[in-house]
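These numbers come from the heavy atoms of this one structure, side chains and all, not from hydrogens, waters or symmetry mates. In what follows, residues are counted from 1 in the order of the sequence shown.
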Amino acid sequence: MDRELVELVELVDQERVRSGELLTIGAFAARSRLSPKALRLYDRLGLLTPAHVDATTGYRHYRADQAERARMVALLRRLDMPLARIAEVVELAELDGPSASDLLAGYWAEAEARFASQRTLAEYLRGRLSGRSSEMYGKFVVETVDVPEQVLITQKRHVLPDELPTWIEASLGRLEDAAKACGGTTGAPFVAYHAEVSQESDGPAEACVPVADEAAARAWAEEHGRAWDTGVRVEPARRLAYTRITKAQVADPQIHAAFEAVEEWIAERELNHAGPCREVYFADWNAAGPQDAVCDVAFPVR
């Protein structure tokens, strides 16, 4: 835009200010029921751009019809919605209100799921802090089972908690498909944890599927192992101390309480750990309901 046109636009906007068509930031703040400080913040964040900024003074001016957007931004911020999501909602609201409503509904469903998880975690931590851990552990029945030597096709990966559910499903799915070329499966698939998986530690975790034919498994790994980062190993016979949990309990913090219950049981009987802890998935996850048993939380012991 050349200088003459810029000056013309500036003159037109100044006239709109004098005529009252554009509101000063103070007048607009009163109309939108927001403070000038909040309006300056929304401008810096790109959520609400003034209709005109005086080139000499830097004063901001707004159209009266921008008040609705200003109020909407303020209300969405009260939901702790990330700024990028707020921008999506308010931009879409000006084009398609029902779609913007659906976008907000999706965000709130995510928030409620997060709050539910945090509520459960808070209850769990209160129990630990108040010395009621033994009561929680008592909800889990711990037993032992002897598992024979197994040939395993495996995939190992360093992974963080948020990535873990997706990785487990994908990795075990790939390995179970591969088992068809290795004589078929001979036991329940499981995930072994060689180190803690948390926000501060990324494992590694190892997805494992027992198969019938070691020679076929090694041939398969020779052909596909490099691309899939997979391998084959023979795990010796083991005794597992385990507790069985439902699909609803395969989530934080319930699953952590299950692991701790088994560890407490092991310590009380003065047994020794004999390998990495694991989650053994013996049921059809997709077909199971929240209260159906789907997983054994287990530790090898001796």
Side-chain angles (χ1 to χ4, degrees), residues 142-197 201-247 249-251 255 258-259 262 266 272-289 292-302:
V142 181
E143 301 178 284
T144 60
V145 63
D146 292 317
V147 179
E149 179 182 275
Q150 298 182 104
V151 177
L152 304 174
I153 53 174
T154 72
Q155 184 175 28
K156 187 182 290 187
R157 179 176 171 180
H158 289 275
V159 62
L160 293 172
D162 290 347
E163 306 165 329
L164 191 59
T166 300
W167 176 78
I168 289 176
E169 181 179 6
S171 184
L172 290 181
R174 284 192 293 267
L175 293 174
E176 288 180 312
D177 286 341
K180 299 170 185 175
C182 305
T185 59
T186 59
F190 63 91
V191 177
Y193 295 97
H194 295 272
E196 181 183 9
V197 173
S201 176
D202 62 356
E206 182 184 28
C208 304
V209 172
V211 297
D213 190 331
E214 181 180 353
R218 295 196 181 281
W220 171 84
E222 181 69 24
E223 182 178 357
H224 301 285
R226 186 181 299 273
W228 282 16
D229 193 24
T230 56
V232 176
R233 65 182 176 86
V234 178
E235 184 169 80
R238 296 184 183 279
R239 171 164 291 183
L240 300 179
Y242 73 94
T243 188
R244 185 152 290 183
I245 61 176
T246 66
K247 186 175 181 178
Q249 292 173 315
V250 184
I255 196 165
F259 273 111
V262 179
I266 292 170
N272 295 311
H273 293 265
C277 61
R278 58 197 60 195
E279 298 164 8
V280 184
Y281 291 94
F282 56 81
D284 183 338
W285 179 270
N286 293 324
D292 292 332
V294 296
C295 176
D296 289 337
V297 167
F299 287 81
V301 294
R302 61 173 179 270

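- The environment of Arg244 atom CZ is dense: over 12 non-hydrogen atoms of other residues, nucleotides or ligands sit within 6.0 angstrom.
- Minimum interatomic distance between Ala179 and Ile153 (heavy atoms only, all atoms of both residues): N-CD1, 3.9 Å.
- Between Glu222 and Arg218 there is no salt bridge, since none of the side-chain N atoms of the basic residue sits less than 4.0 Å from a carboxylate O of the acidic one.
- The distance from the CH2 atom of Trp220 to the NZ atom of Lys180 is 13.0 Å, given to the nearest 0.5 Å.
- The shortest non-hydrogen separation linking Pro300 to Pro276 is CD-O, 3.2 Å.
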side-chain contact (heavy atoms from CB on, under 4.5 Å) between Val297 and Gln249, worked out: CA-CA 11 Å; Val297 167; Gln249 292 173 315; over 6 Å; no
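- Val250 approaches Cys295 most closely through the heavy-atom pair CG2-CB, 4.1 Å.
- Two residues are said to be in side-chain contact when any heavy atoms from C-beta on lie closer than 4.5 Å; Asp284 and Asn286 meet this criterion.
- One distance of note links CZ of Arg233 with NZ of Lys156; it measures 7.0 Å at 0.5 Å rounding.
- Side chains of Val301 and Arg239 form a contact here, defined as non-hydrogen atoms less than 4.5 Å apart.
- Pro204 places none of its side-chain heavy atoms less than 4.5 Å from the side chain of Arg157.
- Summarising the geometry, atom OH belonging to Tyr193 is positioned 3.0 Å from atom CD belonging to Glu279; distances are rounded to the nearest 0.5 Å.
- To the nearest 0.5 Å, the span separating CG on Asp296 from OG1 on Thr243 amounts to 8.0 Å.
- Atom CD of Glu169 is surrounded by 12 or fewer heavy atoms from other residues, nucleotides or ligands within 6.0 Å.
- Atom OG1 of Thr144 and atom CD1 of Ile266 lie 10.5 Å apart (nearest 0.5 Å).
- Between Val159 and Val197 the shortest heavy-atom distance is O-CG1, 3.4 Å.
- The heavy-atom pair separating Val232 from Ala221 by the smallest distance is CG2-CB, 3.6 Å.
- Thr230 contributes atom OG1, which lies 12.5 Å from atom CG of Leu152 (distance to the nearest 0.5 angstrom).
- In this structure, Val280 and Ala188 approach most closely via the heavy-atom pair CG1-CB, 3.7 Å.
- Between the side chain of Thr154 and the backbone N or O of Glu206 there is no donor-acceptor pair closer than 3.5 Å.
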